[in-house]
Visitor: 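Here it is: the structure, laid out below.
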Amino acid sequence: MGRLRVVMYHKVSETHKDFLTVTQSQLHDQLQWLKQQFTPVTLRQVVGHIELGEALPDKALLITFDDGYENNFTFAYPLFKQMGIPFSIFLIGDCIGQTMMYDGTEQSFLSEHQLEFMQDFAQYGYHSKSHNNLMQFEEKDWTKEIASGMDSLKHLPVTVEKAWAYTYGSFPKRDKNQFTTLSAIFQSQGINTAFRIGNRINKLPLEESLAIQRIDVRGDESWLKFKFKVKWGKPL
């Protein structure tokens, strides 16, 4: 049976590393190893697998970034292009082209021009309008929050795939009724693909397309732990 591994990055730096940031050197070594072990696929291929039943390779790997920091262009994109590996970025509508206080520090985010420039290797998905936690809203407001996230990226000169990454990895995972409600809302907006965290490997064909598990890549974890997580996922 085939497997889909989805890894999740956030920021890339020349020298700094923390739980959200890998160094450019770490990313380089990780990409080399990932390309040797697995078959990189695009976000569009994963959406096609879900919506059209298109096959994915047995050892499929999707590489994702959340939030859309400018350093994804400066430090990550050159490595992906050099190695010929596709990747995806889930974008926050209100942050496009902005420099602002975010996560307690000043951050710069990708501009429309940078998004357009990276289209040869990057594809894009939704990560809400303002990075609000969906689970802090009442159910009656979920449709508005999801629709506003999609509307906030309509002006971009790039294609945004019909795929959503949950902010903070937060979704109603313990309430089946709430998850059914959320699933119906996503599908009414044309979205059949959504990503959580979970740190586990997904079996193919995908059984739950609106809760695809991703592996959290952290710059403050060891090389050995990175390889273990990606190969085996979080122990049950």
Side-chain angles (χ1 to χ4, degrees), residues 1-10 20 30 34 37-68 72 85-92 122-128 131 133-135 142 145-146 149-150 153 159-176 178-218 226 228-236:
M1 182 183 292
R3 298 288 189 273
L4 169 66
R5 290 165 174 83
V6 187
V7 295
M8 177 185 68
Y9 291 92
H10 286 80
L20 288 178
Q30 290 168 0
L34 289 169
Q37 300 290 321
F38 309 106
T39 303
V41 297
T42 66
L43 181 58
R44 195 167 299 142
Q45 282 177 277
V46 174
V47 173
H49 169 76
I50 291 163
E51 295 188 347
L52 304 173
E54 296 173 351
L56 291 173
D58 286 344
K59 297 176 72 176
L61 170 75
L62 178 66
I63 301 175
T64 69
F65 285 76
D66 277 5
D67 301 342
N72 297 175
I85 300 173
F87 66 109
S88 301
I89 305 174
F90 291 97
L91 302 170
I92 304 166
Q123 293 179 359
Y124 307 104
Y126 298 102
H127 199 42
S128 83
H131 206 263
N133 186 334
L134 191 64
M135 292 299 96
W142 287 354
E145 181 66 14
I146 292 167
M150 297 177 71
L153 300 182
T159 298
V160 183
E161 303 300 325
K162 297 291 188 180
W164 187 280
Y166 296 110
T167 48
Y168 307 101
S170 183
F171 75 106
K173 56 188 172 185
R174 293 185 178 88
D175 189 319
K176 289 184 178 179
Q178 278 196 326
F179 185 69
T180 298
T181 298
L182 180 60
S183 299
I185 293 170
F186 270 127
Q187 289 165 355
S188 73
Q189 300 296 317
I191 290 181
N192 295 299
T193 307
F195 296 86
R196 54 173 295 190
I197 302 178
N199 283 304
R200 291 193 171 93
I201 313 303
N202 303 281
K203 295 178 182 178
L204 292 175
L206 291 168
E207 295 177 357
E208 184 44 77
S209 65
L210 290 171
I212 302 170
Q213 304 223 32
R214 293 193 290 172
I215 297 161
D216 181 19
V217 180
R218 302 168 59 110
F226 165 79
F228 183 90
K229 282 170 70 173
V230 175
K231 264 201 164 180
W232 306 108
K234 179 181 177 180
L236 293 174

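Along the sequence shown, residues carry numbers from 1.
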Visitor: Considering all heavy atoms of both residues, which atom of Leu91 and which atom of Gly68 are nearest to each other, and what is their separation?
Guide: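 For Leu91 versus Gly68, the nearest heavy atoms are CD2-CA, 4.1 Å.
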Visitor: Indicate yes or no for a side-chain donor-acceptor contact from Arg5 to the backbone of Val230 under 3.5 Å, with no hydrogens or angles considered.
Guide: yes
Visitor: Using a 4.5 Å cut-off on heavy atoms from C-beta on, say whether the side chain of Ile215 contacts that of Ile201.
Guide: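 Side-chain contact under 4.5 Å: yes.
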Visitor: Would you please indicate yes or no on a ring centroid separation below 6.0 angstrom for Tyr9 and Phe87?
Guide: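 Centroid separation for Phe87 and Tyr9: 6.0 Å or greater.
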Visitor: Donor-acceptor pair, distance only, cut-off 3.5 Å: does the side chain of Ser170 make one with the backbone of Asn133?
Guide: no
Visitor: Is Lys234 salt-bridged to Asp216, cutoff N-O under 4.0 Å?
Guide: no
Visitor: Has the side chain of Gln178 got a donor or acceptor atom that lies under 3.5 Å from a matching backbone atom of Asp175?
Guide: no
Visitor: What pair of heavy atoms forms the shortest contact from Thr42 to Pro86, and how long is it?
Guide: CG2-CB, 3.7 Å
Visitor: Kindly indicate whether the side chain of Lys162, heavy atoms from C-beta on, has any atom under 4.5 Å from the side chain of Thr193.
Guide: no
Visitor: Ignoring hydrogens and geometry, is there a side-chain-to-backbone donor-acceptor pair from Arg200 to Gly233 under 3.5 Å?
Guide: no
Visitor: Side chains of His131 and Asp67: closer than 4.5 Å at any heavy-atom pair?
Guide: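 SC-SC contact between His131 and Asp67 confirmed.
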Visitor: Quick check against the 3.5 Å criterion: does Asn72 have a side-chain atom that pairs as donor or acceptor with the backbone of His10?
Guide: yes
Visitor: Any side-chain heavy-atom pair from Ile85 and Ile63 closer than 4.5 angstrom?
Guide: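 Ile85 vs Ile63: side chains touch.
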Visitor: What's the shortest heavy-atom distance between Tyr126 and Met150, and which atoms?
Guide: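 The pair with the smallest heavy-atom distance is CE2-CA, 3.4 Å.
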Visitor: Which value, rounded to the nearest 0.5 Å, describes the distance between Thr159 atom OG1 and Leu153 atom CG?
Guide: 12.0 Å
Visitor: Check whether Asn202 reaches the backbone of Leu4 with its side chain - one donor and one acceptor, N or O, closer than 3.5 Å.
Guide: yes
Visitor: Among Phe179, Phe195, Trp164, Trp142, which residue meets the ring-ring contact (aromatic ring centres under 6.0 Å, His included) test with Phe186?
Guide: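 Among Phe179, Phe195, Trp164, Trp142, the one meeting ring-ring contact (aromatic ring centres under 6.0 Å, His included) with Phe186 is Trp164.
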Visitor: Measure up the Tyr166 and Phe171 rings against each other and bin them: parallel (under 30°), tilted (30 to 60°), perpendicular (over 60°).
Guide: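 Rings of Tyr166 and Phe171: parallel, under 30°.
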Visitor: Any sub-3.5 Å donor-acceptor pair from Thr64's side-chain atoms to Val7's backbone N or O?
Guide: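 Here the side-chain-to-backbone pair exists.
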Visitor: Answer yes or no: is there a donor N or O on one side and an acceptor on the other, between the side chain of His127 and the main chain of Asp66, under 3.5 Å?
Guide: no
Visitor: Can a donor-acceptor pair be found, under 3.5 Å and without considering hydrogens, that links the side chain of Glu208 to the backbone of Leu210?
Guide: yes
